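Inspection log for the structure reproduced underneath, given as structure tokens.
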Amino acid sequence: MPTSLEDQVRLIAKDLGFEDCRFARAKRASHAEEFQEWLDEGKQGDMKWMENNPERRKDPSLLFDGAKTVVVLAVNYFPKESSKLDKKGVGKFAKYAWGDDYHNVIDKKLIQFSRSLEKLGGKQKFYVDYGPILERDFATDSGVGWNGKSTVQIHPKLGTWFFLAEIVTSLDLKPDQPMPNRCGSCTKCIDCCPTDAITAPNKMDPSRCISYYTIEHKGSIPEKFRRPIGDRVFGCDDCLDVCPWNRFAEASKESKFAARDFIDMSLIQLLHLDEDQFKILFRQSPVKRLGRERFVRNVCIAIGNTGTVSDIPHLEKVSEENSLMIIEHARWAISEIKSR
Ligand code: B12
């Protein structure tokens with residue numbers, strides 16, 4: 001039987017299937033100033049929601065009266081189907097999006113977690129990705145991992161393939177020690193980025209990041225980034241794939257993160273999804289939030305980069321649609337194929 005409050009909380013996390021659970025003080029984030037600079041420089045781009053309530057985002061003790069501890073949780077999402085990459089004519093989805101939407105999967109566990117903490121006398125707010133909290137700052141403070149040069153948190157056993165979630169609680173839990181940074185002189189994540197988005201260690205510029213353009217950006221994708229996007233249709237894993245710490249990664253036990261069939265569909269099949277088919281195919285997937293128009297925009301780029309003349313009639317068909325954005329990207333793809 002666990003005796004300390006901290007051990008009781010860790011046991012709840014383990015029972016709910018979290019791979020790691022560590023504690024940090026709910027206080028102003030150690031890198032709050034860097035975040036403010038990031039905002040001041042407009043790095044959030046189309047992610048306008050990042051501008052909401054910056055003071056609260058920088059300091060979880062402002063989330064509610066009596067907030068004392070950030071419980072930082074790690075969730076492994078490494079899909080066991082990870083070998084299925086690089087098939088000709090098939091678009092690439094970032095691995096975090098191969099299965100069901102992690103927000104829903106993890107939220108359910110956080111609700112249960114919070115109820116258990118209530119029984120221990122705690123008041124809580126919890127978040128996974130969407131919340132006003134600098135998740136990676138508190139992950140570093142708690143020692144769940146260390147901040148990699150790509151800004152992705154690295155866990156000594158899970159590598160880079162884990163989601164973060166936090167429960168901010170009024171329970172006073174003894175903070176864990178941060179973990180030493182073990183990147184050493186390695187710069188693989190910086191060197192491999194096709195768009196040089198990692199501008200210095202621990203600094204990345206979303207306005208150069210393929211993940212930003214294919215997931216968050218709302219309009220036309222600037223031409224200079226289209227070729228580097230290659231065959232990617234949603235997100236980018238390059239700075240994660242090269243990380244040497246991933247050699248220890250094991251497949252996630254969460255069946256909801258298992259790869260869904262769409263990761264094997266051809267680019268041409270994806271190009272011709274109508275609105276209803278898009279919604280059905282990506283039901284409960286993070287891709288759904290992108291919407292069909294932006295998804296087809298991405299697929300056009302991937303076909304432009306990898307397709308052959310036999311794909312041109314398919315691109316001509318979508319260029320008859322009434323979305324100016326789709327028409328423009330389909331025409332770009334046709335001209336790219338013709339220029340090869
Ligand atoms: C906005 C956002 C994005 C944007 C911007 C990314 C960015 N690097 O800022 C875009 C769309 C590009 C993006 C991409 C991805 N994202 Co994202 N994203 C977020 C979100 C919502 C906010 C991040 C943020 O505040 N950015 C602002 C900058 C200033 O903050 P930051 O990079 O987190 O930087 C801070 C840390 O570096 C911190 N820091 C912490 N420790 C240390 C130590 C030192 C020494 C230093 C100097 C700094 C430092 O200081 C900085 C300033 O506060 C978080 C969820 C959240 N609420 O935190 C998820 C989150 C960061 N994303 C996540 C994921 C999975 C991804 C992708 C891997 C998805 C993909 N495959 O396409 C990529 C990775 C790209 C990358 N290299 O970061 C996970 C990362 C999990 C992990 N293991 O790190 C998060 C935590 C979501 C989650 N709950 O799991 N994302």
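Read the numbers this way: they start at 1 and go in the same order the structure lists the ligands and their atoms. Quick caveat: nothing in here was measured; it's all calculated off a predicted structure.
- In this structure a side-chain-to-backbone donor-acceptor pair under 3.5 Å is present from Asp176 to Phe23.
- Between the His329 side chain and the Ile221 main chain, a donor and an acceptor come within less than 3.5 Å of each other.
- The nearest heavy-atom contact from the protein to atom 68 (C) of ligand 1 is Leu240 CD1, 3.7 Å.
- Taking only nitrogen or oxygen atoms, main chain and side chain alike, Ser150 reaches within less than 3.5 Å of ligand 1.
- Closest non-hydrogen pair, His155 versus Asp20, comes out as NE2-OD2, 2.8 Å.
- The residue among Tyr96, Tyr213, Tyr130 with a heavy atom at the shortest distance from atom 69 (C) of ligand 1 is Tyr96.
- Among Glu135, Glu37, His217, Lys43, the residue whose heavy atom sits closest to atom 88 (C) of ligand 1 is Glu135.
- Side-chain contact between Leu315 and Cys300: present, with at least one pair of heavy atoms (C-beta onward) separated by less than 4.5 Å.
- Of the protein's non-hydrogen atoms, the one nearest atom 61 (C) of ligand 1 is Arg136 CZ, 3.2 Å.
- Contacts between Asp137 and ligand 1 below 4.0 angstrom, taking non-hydrogen atoms only, involve backbone and side chain alike.
- When hydrogens are left out, the protein atom nearest atom 72 (O) of ligand 1 is Ser211 OG, 2.8 Å; that is the closest non-hydrogen contact.
- Contact annotation: for Thr160 versus ligand 1, heavy atoms closer than 4.0 Å belong to the backbone alone.
- Looking only at heavy atoms of the protein, atom 37 (O) of ligand 1 is closest to Asn147 ND2, 2.9 Å.
- In this structure, Phe262 has its ring center under 6.0 Å from that of Phe93.
- By heavy-atom distance, the residue among Gln44, Met204, His31 lying nearest atom 75 (C) of ligand 1 is Met204.
- Ligand 1 has no atom lying under 4.0 Å from any heavy atom of His155.
- Between the side chains of Tyr96 and Asp129, no donor N or O sits under 3.5 Å from an acceptor N or O.
- In this structure, atom 60 (C) of ligand 1 lies nearest to the protein heavy atom Asp129 OD1, 4.2 Å.
- Considering backbone and side-chain N/O atoms, Ile133 comes within less than 3.5 Å of an N/O atom of ligand 1.
- Ser323 and Arg294 share no donor-acceptor pair across their side chains, judged by distance under 3.5 Å alone.
- For the pair Glu328 and Arg331, the salt-bridge criterion is not met [side-chain N within less than 4.0 Å of a carboxylate O].
- Among Phe18, Tyr102, Tyr130, the one residue that satisfies the ring-ring contact (aromatic ring centres under 6.0 Å, His included) test with Phe163 is Tyr102.
- The residue from Lys92, Lys188, Arg232 that alone fulfils the salt bridge (Lys or Arg N to Asp or Glu O under 4.0 Å) condition with Asp238 is Arg232.
- Judged by the shortest distance from any of its heavy atoms, Cys239 lies inside the 4.0 Å radius around the atoms of ligand 1.
- Atom 30 (O) of ligand 1 has Leu134 CD2, 4.6 Å as its closest protein atom, hydrogens excluded (heavy atom only).
- Counting only non-hydrogen atoms, the option in Gln153, Arg208, Glu166 that gets closest to atom 84 (O) of ligand 1 is Gln153.
- Ranking the protein heavy atoms by distance from atom 23 (C) of ligand 1 puts Met50 CE, 4.4 Å first.
- Put simply, the side chain of Thr195 does not reach to within 4.5 Å of the side chain of Tyr213, judged on heavy atoms.
- For atom 83 (N) of ligand 1, the closest non-hydrogen atom of the protein is Phe162 O, 3.1 Å.
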